[in-house]
Visitor: 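Could you have a look at this structure, given as structure tokens, before my questions?
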Amino acid sequence: SKKGPKTWPLVGAAIEQLLNYDRMHDWLVQYLSESKTVVVPMPFTTYTYIADPANVEHVLKTNFANYPKGEVYHSYMEVLLGDGIFNVDGELWRKQRKTASFEFASKNLKDFSTVVFREYSLKLSAILSQASFDHKEVDMQELLMRMTLDSICKVGFGVEIGTLAPDLPENHFARAFDTANIIVTLRFIDPLWRIKKFLNVGSEALLDQSIKVINDFTYSVIHRRKAEIEEAQRTAKDYKVKHDILTRFIELGQNLEEQSTTDKSLRDIVLNFVIAGRDTTATTLSWAIYMIMTHDHVADRLYLELTTFEQERAKEEQVSLIHVNADDPESFTERTTQYAKLMTYESLGRLHYLHAVITETLRLYPAVPQDPKGILKDDVFPDGTRVKAGGMVTYVPYSMGRMEYNWGSDAAAFKPERWLKDGVFQNVSPFKFTAFQAGPRLCLGKDSAYLQMKMALAILCRFFEFALVPKHPVKYRMMTILSMEHGLKLNVTKRL
Ligand code: HEM
């Protein structure tokens, strides 16, 4: 009885969905604005898309146990994610969630990530400074992907992979990781993948090679780190404590009475963090920069917040701001470094407008634009929709952020101000703003992601202005993460 696309016997709505594949998120916006729930029958299953916060709360929280990731997702993603937190349900998930939540809340990790995010934001700033000097255009999305990959490898494994070095080098692990990510995503729309895998041909053969590169790299880091820890414990010499997630999990494993953590489970843990944290953060930053540069009043208000912050913090720390000489790149580097040091975990909390800009970006361009769940048993949603076991239900952050019934008549407009009351950021229900999911599986890296995004954006928007390369097309690519299909090609100018 719900409104939705035209359906046909046997093929359901597959024809219309395929015809609209490249603009699928906007295709759904159209239907979900007419009806808060849209049922789309497909050849072997039925997809139910939801945009009503009450239904979303039912799926993500109230009847959480009925809507797992499910077997299909697990079997498609296992080759890359193994039994890591992202890819499991039930007890296996609960245990990892508990340990990882504890780790994420630790001061150790917060302090370490602040240092890492600061360092890599400055590396990005140095590359932009050079590009502006050389009048060279940059692909901002590509640079941001390098920045977040380097950061997550440092925070995750304690390893410097250096893809953000000034000459932008190739890196085997990074390339293999990208390839594997794209191919496992393709499996969701390629009915022949199991045959290709069996015959070890085409994309599946490439996936196999990429996984070998990823595993070799990851296991070598794990073995090296384990050896370092054992050596330090054996000789009881001053052991330089490392703060990365891998080291913490190795140490935790040693302390457990039961079987200690295996190398395979350590591999799964770190790779799950890489996949969870890297593309999501980089694409959000790309869309945020695009939004800022196309909304002058936002750029101005943000710049004012960032420069006021700079003055206030310098006063608090009793430092005088370094004078930048336009002809001396060194002085520019010194000033950006000084600015970065004024940003701490606590002081970043004051940047309410910046926080609102990022959140408003995620409302309209959520990094995970739709998120499907399996259905274990027949159920009825709060709005009366009946769903059947074996089908799929998908909450749709991309549509939810654009619905007037959720956000009012200006839902389509980019207005960071909607998040502020008297200049202070106000949260809304996570069942309405779903960019980080909600309920027991809410994103674990949310705070860490904001920390990195605020650090990077503050430096970028304080010290640079951006302009789109003329005629560069900005549109999303249809995949699990809302990245920009052609990247974000920009000309950069310094702001002294
Ligand atoms: C803008 C940045 C980010 C966005 C929009 C985002 C969004 C999400 C979403 C939608 C999910 C649920 C996916 C699912 O259905 O399982 C999720 C889960 C998760 N995220 Fe994030 N994420 C971001 C950054 C990060 C970062 C930086 C990390 C860690 C370093 C991280 C760690 C995780 C983990 C571990 C989970 C799995 C939680 C669980 O299943 O219990 N995320 N995130």
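The first residue in the sequence is number 1, and the count goes up from there. Counting starts at 1 for both ligands and their atoms, in listed order.
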Visitor: Should we count NE2 of H172 as having more than 12 external heavy atoms under 6.0 Å?
Guide: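 No, not enclosed.
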Visitor: If you look at each N/O of ligand 1, which protein N/O atoms lie under 3.5 Å away, and at what distance?
Guide:
unit_1: ligand 1; atom_1: 15 (O); unit_2: D371; atom_2: OD1; d: 3.1
unit_1: ligand 1; atom_1: 15 (O); unit_2: D371; atom_2: OD2; d: 2.6
unit_1: ligand 1; atom_1: 15 (O); unit_2: K373; atom_2: NZ; d: 3.1
unit_1: ligand 1; atom_1: 16 (O); unit_2: K69; atom_2: NZ; d: 2.5
unit_1: ligand 1; atom_1: 40 (O); unit_2: R441; atom_2: NE; d: 2.8
unit_1: ligand 1; atom_1: 40 (O); unit_2: R441; atom_2: NH2; d: 3.1
unit_1: ligand 1; atom_1: 41 (O); unit_2: W93; atom_2: NE1; d: 2.7
unit_1: ligand 1; atom_1: 41 (O); unit_2: R97; atom_2: NH1; d: 2.7

Visitor: Does K475 come within less than 4.0 Å of D22, counting only side-chain N to carboxylate O?
Guide: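 No, no charged N to carboxylate O under 4.0 Å.
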Visitor: Quick test of your reading of the model: are R301 and E305 salt-bridged, counting only N-O distances below 4.0 Å?
Guide: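 Answer for the salt bridge query: no.
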Visitor: Verify side-chain contact (heavy atoms from CB on, under 4.5 Å) between L490 and E465, making sure each step is shown before the conclusion.
Guide: CA-CA 10 Å; L490 302 179; E465 269 178 307; over 6 Å; no
Visitor: Test W93 against F64 for ring pair (Phe, Tyr, Trp, His ring centres under 6.0 Å), laying out the working first.
Guide: CA-CA 13 Å; W93 165 74; F64 170 73; 5.6 Å; yes
Visitor: Are any of the side-chain nitrogens in D178 or R278 under 4.0 Å away from the carboxylate oxygens of its partner?
Guide: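 Salt bridge present between D178 and R278.
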